[in-house]
Structure formats: C-alpha cells, structure tokens
2 protein chains.
Amino acid sequence: MNIGQAAKASGISGKMIRYYESIGLIASAKRTESGYRIFSEKDVHALRFISRARGLGFSVEQMGNLLALWQDRHRASADVKAVAQAHIEELDLKIKKLQDMRQTLEHLVDHCQGDKRPDCPILSGLAAESVAESVELDVETS
Amino acid sequence: MNIGQAAKASGISGKMIRYYESIGLIASAKRTESGYRIFSEKDVHALRFISRARGLGFSVEQMGNLLALWQDRHRASADVKAVAQAHIEELDLKIKKLQDMRQTLEHLVDHCQGDKRPDCPILSGLAAESVAESVELDVETS
DNA sequence: GTAAAGCTTCCCACTATTGTAAGGTCAAGC
DNA sequence: GCTTGACCTTACAATAGTGGGAAGCTTTAC
C-alpha cells in the first residue's frame, strides 16, 4: 500500500505520516526499490490508533506511551488507565481555564450596550487595573 | 522607563514586548542615544491592556483590533461587543471540543479495571473501528 | 511515448513564547 | 578611572503540529 492509500485508510495525511515517522512515533516504513514507502494492514491499524488518540487530544508524546502499551501484550491495564486519567485531568484544566475566560468576557459583554456610542465596559474592563475593578464600578453605577 | 521596568509594571516579559513591537502590535518605542527603549506610562497602560486581553484568550490579531478600537475615541461600542462575542463563540467551540474528548475518554476509563491484567477497554477503544464500537461491545458484555 | 497522478526530500510558514549567545551600556563601589 | 554585575541590544533556534510548495523521480493510464 502506498502512503496515499494508507492516508485515506487511516485518516492521517501523508504529510503527517512522514512526520510521525521522522520523529520516531512510528517505525520507518519499508521501501520499494525506487524508494516508495510500503504500508501493511498492521501499519494502517497503528495509524488509525494514532488518529483516534489524536482525536481525544493526546499529545504526540502521550501517544508514544499509549502505542508502547498497546504493543506490549503484558502491560497492566492500570498503566493505561493512569495515562488516560492524567490526560483527563489535563483536559479538565484546559476546560476550566477556558470557562473562566468565557465567564469574565461574558460578564463584560453583558454590561456593554452595543450601540453607536463609544462608551464600552469591555474596553474599560481591559484597561482597568483589574478586570473585576471595572465590573464592580459598573455594578455600582448601574 | 526601561524595558525591564515596563515588563514588571505590565506583566508582559521584555521578550514579548520586543516581539509585539516587531510584529507591529504596538508602536516602536523611542530610544535613548545608546539604543535603549524608553517606555512612558501610556505605553505601559497599553501593555497592561494587552496583558488582560491575552488573559482572556484573545489572539494577537484580535488584540490588534481591540487596541485600534480602544484608541479610537469615536468607536461604536457595538463594534467592540461584536469582537468580544465572536471570541466567546470561539471559546464555546473549544470548550465543547474538549468536553467531548473528556466524555469519550471518561467513558473508556470507567470501563477499565485498572489492575495488573493486560485487558484494557481504553486500548481496545482506540484500536476499534470506531471508539463507539468498542464501548458498545463493552456495554453488551457487561 | 507522453501526460497525469503520485511519490520522494527539503524548506518555509504559522502562533506565541522561551532560551541562548555575543556584545554594548549603565550604575555602584573602590 | 576601572572593574563588576545587572541590564540592554540584536539575532537565531526551538517548541508542537500541521499545511503548503518546489524540484525531481516513478508509476500508471491511454
């Protein structure tokens, strides 16, 4: 199988397959005499594994660990679970950070008239000593 | 004021101040005869504005728009509100994406014993034709 | 036999930030 | 006046992942 067919079959672009090979995430593919990469079903299977792990937000480094565990028939499921749980915690942190941003911004937006006048609590909020300060000022005067 | 003092006062590293200047986000600072950058209170004010916008997850490009609006005394608050709301939508998309990942992963983790045995629904889930497939298999057999 | 499609490597761009190296400047102490 | 250390300057590299493109070779289809 050529790289293009492996790409279609796995959902990973040819570009990225070459990249993953170059950084050692996957083994170097065999080559034809003329230098074309050859992929087996097993290779595609691994690429699909990677594709799903990426879809769940695992980093390349974490995928390296997961792939090693996947290919180790004597792994303990506890080891896999630990990697997955650590990733859930990372996701939680990111989610919380974004939600905090969202909330602050929403608060500012709620207090903005959004008309033709230039007065804007969003800009005052960004310019204030602290975002809370402007919002509180705003609350006091409303 | 030197760049180091401006950095401390604004919460943006000297490195990043130079970067923001290089990409034109902020105006080029005046220099002493020997080439040191000089920052005024007004400059620091703008840097703090940037610092807060960054904290709310605005991209450099969006900050460019916000700064322009901030410095335009005749802006309409509706324009600012539009930028902010567009950003909230971006945040919502990111949050949703992360939450979806989190949920799928949590589902897999919940079905993993996490002991010394090698059987692991997390790995099967990643290796399956689709993540849902393995989970459903798992549900059927549980 | 020629043209098109697909492969190869290599280099660049992106976001935003940090690190490092080589060198100039300023202020304090002696 | 000179040394020292802290601070400044520019320039280049690296990070993570992905996409884009060029130049050139191979394979396939007609």
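Since the model is a prediction, treat every value here as computed from it, not as a measurement.
Each end of the helix from C:dG1-D:dC30 to C:dC30-D:dG1 gets its own axis, taken as the rotation carrying the C1' atoms of four end pairs onto the next four within a five-pair window, and the two axes meet at 20° to the nearest 10 degrees.
With sequence neighbours excluded, no residue forms a side-chain hydrogen bond (donor to acceptor under 3.5 Å, both in side chains) with B:Asp72.
A chain of hydrophobic side-chain contacts below 4.5 Å, direct or via other Ile, Leu, Val, Met, Phe, Trp or Tyr residues, connects A:Leu67 to B:Leu105.
Looking at residues 23-39 of chain A, you'll see A:Ser34, A:Tyr36 sit with a heavy atom under 4.0 Å from some atom of DNA chain D. For DNA chain D, no neighbouring residue in residues 83-100 of chain B is found when judged by any heavy atom under 4.0 Å. Within residues 6-19 of chain A, the residues having any heavy atom closer than 4.0 Å to DNA chain D are, in order of number, A:Ser13, A:Lys15, A:Met16, A:Tyr19.
Proximity of B:Leu56 to A:Leu126: side-chain heavy atoms (C-beta onward) are separated by under 4.5 Å at one or more points. Contact check for A:Arg37 versus A:Arg18: side-chain heavy atoms found under the 4.5 Å cut-off. Two residues are said to be in side-chain contact when any heavy atoms from C-beta on lie closer than 4.5 Å; A:Cys120 and A:Cys112 meet this criterion. The shortest side-chain heavy-atom distance between B:Phe39 and B:Gln5 does not fall under the 4.5 Å cut-off. Using a 4.5 Å heavy-atom cutoff, the side chains of B:Glu41 and B:Met1 are in contact. Residues A:Asp43 and A:Ile38 have side chains not in contact (no heavy-atom distance under 4.5 Å, counting atoms from C-beta outward). At least one side-chain heavy atom of B:Ile12 sits less than 4.5 Å from a side-chain heavy atom of B:Tyr20.
A side chain to side chain contact (heavy atoms under 4.5 Å, CB included) with B:Leu98 holds for exactly one of A:Glu90, A:Lys94, A:Lys97; it is A:Lys94. Each of A:Lys30, A:Lys15, A:Arg31 was compared with A:Glu21 under the salt bridge (charged side-chain N to carboxylate O under 4.0 Å, His left out) criterion, and only A:Arg31 meets it.
Here CE of B:Met16 is found 11.0 Å from OG of B:Ser10. Values are rounded to the nearest 0.5 Å. Taking CG of B:Leu25 as the start and CD1 of B:Ile50 as the end, the distance is 4.5 Å to the nearest 0.5 Å.
Straight-line distance from the CZ atom of B:Phe58 to the P atom of C:dT15: 17 Å, rounded to whole Å.
Using a 4.0 Å cut-off between charged nitrogen and carboxylate oxygen, B:Asp100 and B:Lys96 count as a salt-bridge pair.
When DNA chain D is scanned 5' to 3' for any atom under 4.0 Å from a heavy atom of chain B, the first and last hits are D:dC7 to D:dA11.
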Q.
Working note: A:Gln99 + B:Ile95, criterion side chain to side chain contact (heavy atoms under 4.5 Å, CB included); need CA distance, chi angles, decisive distance, verdict.
A. CA-CA 7 Å; A:Gln99 281 175 335; B:Ile95 290 168; 3.8 Å; yes
